[in-house]
Student: 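Input: one structure, supplied below.
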Amino acid sequence: MPMNVILLERVPKLGQMGDVVKVKPGYARNFLLPQKKALRAIKDNITYFESQRKTLEAQNLERRQEAEAVGAKMSDLKVILIRQASEALQLYGSVSSRDIADAAAAAGVKIERGQVELDKPIKSLGAHKIKVHLHPEVAVDITAVVARSPDEADFLAKGGTLVAETERAQLEAAEAARRAAEQAAALFEAKPAEGEAAEAPAATAEEASDKK
């Protein structure tokens with residue numbers, strides 16, 4: 001059956017600091033309680049929270065302001081991950097939240113894997129927008145650039161788009177067909193004009209005969 005807990009900080013999709021909410025016991029035991037994001041909503045804990053509310057709110061405000069300052073510096077952050085991939089731009093493997101945290105550390109920004117919001121691993125080349133939670137009330141978007149080489153990463157970071165070899169071949173075939181169609185249309189339009197030019201001398205010859 002659900003467990004009642006009192007939140008010690010804002011938890012996305014759950015509630016704000018001080019809210020008493022119902023959650024699954026496993027979620028409480030495995031995440032909320034050990035991470036000190038909540039306490040069991042028993043009388044003693046509620047009394048304790050109320051006595052500490054002002055202190056907790058002040059600490060939360062300080063941490064939020066620090067997170068906002070860090071977030072302002074991270075807003076344009078691009079982390080580079082070099083990986084092998086197929087001609088279809090699919091990775092031989094994947095990029096996880098830990099990989100992104102490690103790449104951020106290499107770029108001089110320390111974040112934890114738990115702060116990286118990644119619903120599923122990245123499995124394709126490209127520039128991927130990733131949300132990083134610096135605080136329960138502060139999140140920032142960074143860009144994870146997954147490429148096969150530093151030059152390709154630079155191309156993607158500047159807004160370039162990769163095209164899979166199969167797609168490239170299709171595009172080239174479509175372009176060739178379009179050009180062939182245009183040339184055929186131009187040739188078709190030119191033929192009547194040539195016929196009209198050929199008829200003109202015959203008309204002139206008839207006129208000459210009438211004059212005689």
Side-chain angles (χ1 to χ4, degrees), residues 2-3 5 7-17 19 21-38 60 62-167:
M3 179 188 295
V5 298
L7 300 179
L8 300 180
E9 62 181 45
R10 176 182 178 275
V11 178
K13 300 179 181 179
L14 198 57
Q16 304 292 329
M17 178 188 292
D19 289 349
V21 297
K22 292 181 182 295
V23 298
K24 292 181 178 180
Y27 181 55
R29 287 193 295 266
N30 298 326
F31 179 68
L32 295 175
L33 301 181
Q35 293 288 329
K36 297 183 179 179
K37 296 179 181 293
N60 180 67
E62 183 179 353
R63 289 196 301 269
R64 188 180 73 189
Q65 290 172 338
E66 290 174 353
E68 287 172 344
V70 173
K73 297 176 182 178
M74 288 177 59
S75 59
D76 295 323
L77 178 65
K78 293 181 175 65
V79 296
I80 308 300
L81 300 106
I82 304 300
R83 295 289 189 275
Q84 292 184 330
S86 69
E87 292 182 348
L89 310 184
Q90 297 302 302
L91 301 183
Y92 297 130
S94 61
V95 170
S96 66
S97 55
R98 181 185 293 279
D99 294 325
I100 293 170
D102 290 345
V109 178
K110 184 178 180 181
I111 57 176
E112 302 296 331
R113 62 175 298 189
Q115 294 176 289
V116 179
E117 183 179 317
L118 197 63
D119 294 333
K120 56 184 179 180
I122 296 171
K123 295 187 177 182
S124 62
L125 296 174
H128 304 269
K129 285 291 183 183
I130 305 295
K131 191 175 293 294
V132 176
H133 296 274
L134 302 175
H135 177 273
E137 300 169 35
V138 181
V140 62
D141 287 333
I142 67 172
T143 302
V145 180
V146 186
R148 288 167 289 197
S149 68
D151 287 344
E152 190 172 77
D154 185 56
F155 171 74
L156 288 169
K158 291 178 179 177
T161 302
L162 300 179
V163 178
E165 290 303 317
T166 51
E167 185 179 347

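None of these values were measured; they are calculated from a predicted model. Residue numbers run from 1 in the order of the sequence given.
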Student: Contact between Leu134 and Val132 at the side-chain level, heavy atoms closer than 4.5 Å - yes or no?
Tutor: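 Leu134 reaches Val132 side chain to side chain.
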Student: Looking at every heavy atom in both Ser94 and Lys123, which two are closest together, and how far apart are they?
Tutor: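 That would be CB-CG, 3.9 Å.
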Student: Can you establish whether the number of heavy atoms outside Lys37 located under 6.0 Å from its atom NZ is more than 12?
Tutor: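 Result for NZ/Lys37: enclosed.
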Student: Mind listing the closest non-hydrogen atom pair of Ile130 and Ala144 along with its distance?
Tutor: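 Answer, listing the atom of Ile130 first, then Ala144: CG1-CB, 3.9 Å.
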Student: Restricting to non-hydrogen atoms, name the atom on Thr143 and the atom on Ala127 that form the minimum distance, rounded to 0.1 Å.
Tutor: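 Reported closest heavy-atom pair: CG2-CB, 3.9 Å.
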Student: Once you round to the nearest 0.5 Å, how far does CG of Asp141 lie from CG of Asp76?
Tutor: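 If we round to the nearest 0.5 Å, Asp141:CG and Asp76:CG are 11.0 Å apart.
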Student: Under the ring pair (Phe, Tyr, Trp, His ring centres under 6.0 Å) rule, collect the residues that match up with Phe31, sequence neighbours excluded.
Tutor: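 Listed in chain order: Tyr27.
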Student: Answer yes when Arg98 and Asp102 have at least one side-chain N-carboxylate O distance shorter than 4.0 Å, and no when they do not.
Tutor: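 Looking at Arg98 and Asp102, the cut-off is not met.
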Student: Please name the pair of heavy atoms, one in Leu125 and one in Arg148, separated by the smallest distance, quoted to 0.1 Å.
Tutor: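 The pair with the smallest heavy-atom distance is CD1-NE, 3.3 Å.
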Student: With sequence neighbours left out, what residues match Ala139 under side-chain contact (heavy atoms from CB on, under 4.5 Å)?
Tutor: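 For Ala139, the residues satisfying side-chain contact (heavy atoms from CB on, under 4.5 Å) (neighbours in sequence not counted) are Lys131, His133.
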Student: Residues two or more places apart in sequence or in another chain: which of them pass side-chain contact (heavy atoms from CB on, under 4.5 Å) with Val95?
Tutor: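 Testing Val95 for side-chain contact (heavy atoms from CB on, under 4.5 Å), a comparison that skips the adjacent residues, returns Leu81, Arg83, Leu91, Asp99, Ile100, Ile122, Val146.
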Student: What pair of heavy atoms forms the shortest contact from Val23 to Ala28, and how long is it?
Tutor: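 Minimum heavy-atom separation between Val23 and Ala28: CG2-CB, 3.8 Å.
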Student: Is any side-chain heavy atom of Arg10 closer than 4.5 Å to a side-chain heavy atom of Gln16?
Tutor: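 Arg10 vs Gln16: side chains touch.
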